[in-house]
Amino acid sequence: MSEYNHKKIEENWRAFWEKNHTFRTENDASKPKYYILDMFPYPSGAGLHVGHPLGYIASDIVTRYKRLKGFNVLHPMGFDSFGLPAEQYAIQTGQHPAITTEENATRYIEQLKNIGFSFDWSREVRTSDPKFYKWTQWIFMELFRSWYNKETDQAEPIETLIAKFETAGTYGIQAVSDDDVPHFTAEEWNAKPEREQYEITLKYRLTYVADAVVNWCAALGTVLANDEVKDGVSERGGYPVEQKLMRQWMMRITAYADRLLRGLDTVDWSDSLKEQQRNWIGKSTGAEVSFQIEHRVEQIKVFTTRLDTIFGVSFMVLAPEHELVAELTTLAQKPAVDAYVTAAKMRSERDRMADAKTVSGVFTGSYCINPFNGERVPIYLADYVLAGYGTGAVMAVPSGDQRDWAFAKHFDLPIIPILDGQKDIDKQADNTKEGRYINSGIIDGLTYQEALPVLVKFLEEHGIGKAKINFRMRDAVFSRQRYWGEPVPVYFKDGLPYLLDEQDLPLELPPVDKYLPTETGEPPLARAEDWKYKGDFEYELSTMPGWAGSSWYWYRYMDPQNDQEFADQKAIDYWRDVDLYVGGSEHATGHLLYSRFWNKFLKDRGYVPEEEPFKKLVNQGMILGRSNFVYRLKESVGEGKIPVFVSNGLKGQYDVTPLHVDVNIVENDVLDVETFIKTRPDFAENAEFILEDGKYICGVEIEKMSKSKFNVVNPDTIVERYGADTLRLYEMFLGPLTDAKPWNTNGIDGVYRFLKKFWRLFYEEPTETRPGRWLVTDEKPTPAELKALHKTIRKVAEDIEHLSFNTSVSAFMVCVNELSALKCNKKAVLQELVVVLAPFAPHITEELWAALGNEAGTLSYAEFPVFNPAYLVEDTIEYPVQINGKVRTTLVFSVDTVASDIEKEVLANEVVLKWLEGKTPKKVVVVPKRIVNVVM
RNA sequence: GCCGGGAUGGCGGAAUAGGUAGACGCGCAGGACUUAAAAUCCUGUGAGCAGUAAUGUUCGUGCGGGUUCGAUUCCCGCUCCCGGUACCA
């Protein structure tokens, strides 16, 4: 074959790999392991666009490279196949989501295989497969059967807690639990009826039932994702949405807050990602203080990180959802409070936090007492305080906190200065810790450092509070009022939740007549007929959230067929953890925290060996769409009018409406007018076009890739026209893996030409009369050829380690340009180059590898060439010579020339002398092997 | 709002222990081959000014300051864009 025929070559090799199971991976303990994982996709109905494979190409390059370096590489792919879109489609069409999901996954696999990824498809998993979610349910059960012992700082079986109760009651127990756990002695425990004992343990288990705030849409009869709520109404239909408490399964992730925080120091992730997780966990050190409510027995607890400002408290603010609101509201204030609470229910948490400009709130009519000075403090409600944070109450210090300051101004409350270091507090709050305290009772005259211990001692001696570490992170809601998710393996008996017997797993999704909630607002599973545990007991009707299956799936790839365990212990001990994890940064605080949480839990219970599941992690950037526009004259729209479109360069002279035009009929921003008329008769029939230089030039904007913007580019189209190798190289060539960047098919010709030029090093260009001959010879390479090769070997190996693939592609181009110029057709050089290029362009390199006389299909497990620095040694260096930091000339010196000799010669140089204009330089900076700078 | 990230030619980008800004590619312009086109190959290409030209020279890495012999790179203050913000996955 003397012409580069990408289609034929690629189809051949893909068939070869499939037939020979080239990428089947064994759990082979004799070779060092390397686990490279892609965040698995949700198989959407739209199929893949060119943005999706970006991360997969990168991880496939590393995978193939590591194989060449002698590693046993696990590189699997599967589907996170539970999700809202399939359910939404099911609601609209009645089609079971399993069917849609199956079709979409099949399409994804086809598209992925088309790009030549070296996935081991025999290990594919899907979270919606009962054989998979059996183990998701099993892990849920293990969580339910566990509690968190703070003493040992790990999760333990619930039996160890019960044993403690039996011998010592709650005495000395350090557990993460609900707030309202009762205290008892061993005798008291042992005397309790079984049901009550069980009820008590429910407060300690790592998954538990509690009331949580959700977006309730009464009109749709369902709970909405924040995503589905826009401006306080449902995105679908525009119905009102309110914040409502609902009984939900929860995950006690907060038990792991500190370990999740500490673990970040041990993983190789980007600083920004770690920082996002740290902020999410939000550890803050401070104190909890109780304020007695005037004329009542209840107290209001607040958490503060600035206990030192307690003498500046001039009011108290509670979240509108605070449990004491009803009791605190006086008769006179009731109408105002009720109105405010109702209004707050209509606002989403995000709206409430984002809106820092409007001050709103209402006085309850009640007061509490500042325990440090006995002053009466009025109690307000305001929606900037969120019920789920801390205690849902804030002690307001207007002189030190800007939000409190604005609130105080608005309601005309006192602003008490507390530090003599505070400045301009009549204009704004000053949160300084500088200076000495004033108006502050027992800490007057002290500094911040001196005051803190005094305050804490006072707190503890008077029993009004304690030092406390608070986390912003809350327990995770684990229930979804949906159909298309894992059923929760729980049934109810006399109102209490119990686990299913293990042999009854998996609890499969029952058929339902509709995928909607019931008329009474119960989740879709309530529609299932005769769906009772052992024929008697109500099942839990909510399903698990999207993140359940993805919180442990990487272990299933290690042993995907196992029906005895979630994975064989030997397989887990061999593969252990993920060495490189590639995926989108949008998972920074969701999936990546939950996965770490479940991993730590599984480790505590002895199922997995590593504390952290993902050693190294990179976020690939999003590939954006490049939308094209046509501009229609506004005056040309209307009954009986002929539409007129004006070219981009001339649109300024007219009043026009920009309209998206399909990027697939635009080349280099020039519109294919004929196809446009043909494909869009709805608005381009008989249309006239005002051209520039005889062409219709389209406008351009960078936007997210989406169907509605007509800017979606399908990888299949690219593979058909240019081949998968070109697609792979081009996606890498676009820019750094981690950056967001626009897709522009225009540039792809460059890498396609590169592959053809590379091919020309092996085969002569064919003419009409004869096919191109095989050019490769066994001649000995010249130093220049070896230099070109070894520069590339070094660069590419370094780049792959740093995941800097765009620069590797340029390095290949430079190398091929150099070898072409040198007319190098030598096997000794070309064969090594084939191996180096193989991870990037696996098809063309397999073809050439075989043509060079190697056994077909063995390239994937060949050996990566070893870089030899001897070929790159230079004996001269070109020094840029600067005058006052500006380059004026360059001079060549041999590598061993000493600085003083360089300086001498530079000062004698005519260009330098010209710039010196006879003056003596103040200083000459000679940086060896780098640069010379003459300062005058 | 809060948290995180980014900004370099017409376009994608390259260059950071601070050391010749614009590698590589696209596009564009000119040329070769061709009856012609495509493909391919060669040359040029940040902007301005001077010069027939070789060349010389000034400006130039989002904006405003600073540190330094020297700043795309480090520091301070802004502007705009993107991601996350707990039920999209």
Side-chain angles (χ1 to χ4, degrees), chain A residues 39-42 44 80 82-85 88 212 214-215 222-229 248 270-276 278-280 282 349-357 384 388 403 472-482 545-547 550 584-591 593 619 621-622 624 626 668-669 700 702 704 730 733-736 738-744 746-751 753-754 756-757 760 765 806-807 809-814 817 878-890 921-925 927 929-936:
Chain A
M39 290 186 191
F40 60 174
Y42 174 79
S44 86
D80 192 8
F82 276 130
L84 274 185
Q88 199 48 43
V214 296
N215 299 311
T222 189
V223 173
L224 298 177
N226 282 338
D227 220 47
E228 298 174 297
V229 183
Q248 307 274 7
S270 71
D271 288 337
S272 69
L273 191 53
K274 291 192 203 178
E275 197 55 26
Q276 279 186 66
R278 285 192 191 105
N279 290 331
W280 184 269
E349 207 170 84
R350 196 183 301 180
D351 284 346
R352 283 164 57 172
M353 281 188 295
D355 185 6
K357 290 191 189 93
Y384 72 79
R403 258 182 334 193
R472 198 180 77 97
M473 185 166 70
R474 326 199 276 254
D475 277 343
V477 181
F478 198 69
S479 286
R480 297 293 181 267
Q481 277 58 47
R482 307 281 182 185
W547 52 268
S550 61
S585 61
E586 66 275 18
H587 299 287
T589 47
H591 163 60
L593 265 176
N619 296 131
M622 195 193 301
L624 301 164
R626 188 175 184 280
N668 291 331
D669 297 331
V700 174
I702 305 301
K704 253 191 178 165
Y730 186 56
F733 189 57
L734 277 178
T738 52
D739 288 5
K741 54 215 160 244
W743 174 269
N744 184 353
N746 293 349
I748 201 167
D749 284 313
V751 293
R753 271 179 216 144
F754 155 74
K756 284 197 284 191
K757 202 166 175 183
R760 283 278 156 270
E765 190 163 3
N806 54 327
T807 49
V809 179
S810 354
F812 285 124
M813 289 174 170
V814 171
N817 287 345
E878 191 187 52
Y879 281 81
V881 179
Q882 300 181 329
I883 314 289
N884 286 340
K886 289 192 174 155
V887 178
R888 297 302 178 184
T889 188
T890 55
K922 280 197 196 113
K923 184 170 162 190
V924 178
V925 182
V927 185
K929 297 185 176 158
R930 283 263 185 210
I931 204 165
V932 182
N933 191 10
V934 181
V935 187
M936 57 182 275

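Chain A is the first sequence line, chain B the second, and so forth, proteins listed ahead of strands; every chain is numbered from 1.
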Under the side chain to side chain contact (heavy atoms under 4.5 Å, CB included) criterion, do A:Val934 and A:Ile883 qualify, and how do the steps go?
CA-CA 5 Å; A:Val934 181; A:Ile883 314 289; 4.1 Å; yes

Can A:Arg472 and A:Asn279 be said to form a side chain to side chain contact (heavy atoms under 4.5 Å, CB included), step by step?
CA-CA 8 Å; A:Arg472 198 180 77 97; A:Asn279 290 331; 5.7 Å; no

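One finds no side-chain N or O of A:Asn279 lying less than 4.0 angstrom from the OP1 or OP2 phosphate oxygen of B:U85. Remark: A:Asn744 is not in phosphate contact with B:G25, judged by side-chain N or O atoms under 4.0 Å from OP1 or OP2. For B:C59, one of the phosphate oxygens OP1 or OP2 lies less than 4.0 angstrom from a side-chain nitrogen or oxygen of A:Lys886. OP1 or OP2 of B:C69 sits under 4.0 Å from a side-chain N or O of A:Lys923. At least one side-chain nitrogen or oxygen of A:Arg753 sits closer than 4.0 Å to the OP1 or OP2 atom of B:C26. Here A:Arg480 reaches the OP1 or OP2 of B:C87: one of its side-chain N or O atoms lies under 4.0 Å away. Checking the phosphate oxygens (OP1, OP2) of B:A89, no side-chain nitrogen or oxygen of A:Arg482 falls inside 4.0 Å.
Set against B:A89, B:G19, B:A21, the side chain of A:Arg930 has B:G19 as its closest nucleotide. Comparing B:U40, B:G12, B:U20 against the side chain of A:Lys756 picks out B:U40 as the nearest. Taking only side-chain atoms of A:Arg472, from C-beta outward, the nucleotide of B:G12, B:A86, B:C87 with the closest atom is B:A86. Distance from the side chain of A:Asn806 is smallest to B:A14 among B:U20, B:U58, B:A14. Nearest nucleotide to the side chain of A:Leu84, out of B:G12, B:C69, B:A89: B:A89. Checking B:C87, B:A86, B:C24 against every side-chain atom of A:Asn817, the shortest atom distance belongs to B:C24. Among B:C69, B:C26, B:A23, the nucleotide with an atom closest to any side-chain atom of A:Asn746 is B:C26. Distance from the side chain of A:Trp280 is smallest to B:U85 among B:C87, B:G13, B:U85. Set against B:G4, B:A14, B:C24, the side chain of A:Pro736 has B:A14 as its closest nucleotide. Of the candidate nucleotides B:G25, B:G27, B:C87, B:G27 has the atom lying nearest to any side-chain atom of A:Asp749.
Judged by distance alone with a 3.5 Å cut-off, a donor-acceptor contact links the side chain of A:Asn933 to the base of B:C69. For a distance-only test at 3.5 Å, the side chain of A:Gln882 fails to qualify as a donor-acceptor partner of the base of B:C69.
Panel note: side chain A:Asn744, backbone A:Asn746; a donor-acceptor pair is recorded below 3.5 Å. Here the side chain of A:Tyr42 pairs no donor or acceptor atom with the backbone of A:Phe82 at under 3.5 angstrom.
If you run side-chain contact (heavy atoms from CB on, under 4.5 Å) between A:Val924 and each of A:Val932, A:Val935, A:Asn933, A:Val881, only A:Val932 comes through.
Contact between A:Arg482 and A:Val223 at its shortest, heavy atoms only, is NH2-O, 3.0 Å. Closest of all the heavy-atom pairs between A:Gln248 and A:Ala212 is CG-CB, 4.0 Å.
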For RNA chain B, what dot-bracket results from Watson-Crick or G-U pairs at under 3.5 Å, with [ ] for crossers and | for inter-strand partners?
(((((((..(((......[....)))((((((.......))))))(((((....)))))..(((((..]....))))))))))))....

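The C1' atoms of B:U8 and B:C59 are separated by 15 Å, rounded to the nearest whole Å. Remark: the separation of the C1' atoms in B:G65 and B:A86 is 41 Å, to the nearest Å. When the P atom is compared between B:A15 and B:C74, the two are found 14 Å apart, to the nearest whole Å. A gap of 11 Å separates the C1' atoms of B:C28 and B:C11, to the nearest Å.
Note on A:Val223: a base of the nucleic acid sits closer than 4.0 angstrom, heavy atoms only.
With sequence neighbours left out, A:Thr807 forms a side-chain hydrogen bond (donor to acceptor under 3.5 Å, both in side chains) with A:Asp799, A:Ser804.
In textbook terms, a nucleotide whose glycosidic angle is within 90° of 0 is syn, and B:G9 is one such case.
Ring geometry for A:Tyr730 against A:Trp743 counts as perpendicular: the plane angle is over 60°, on a 0 to 90° scale with 30° as the lower cut.
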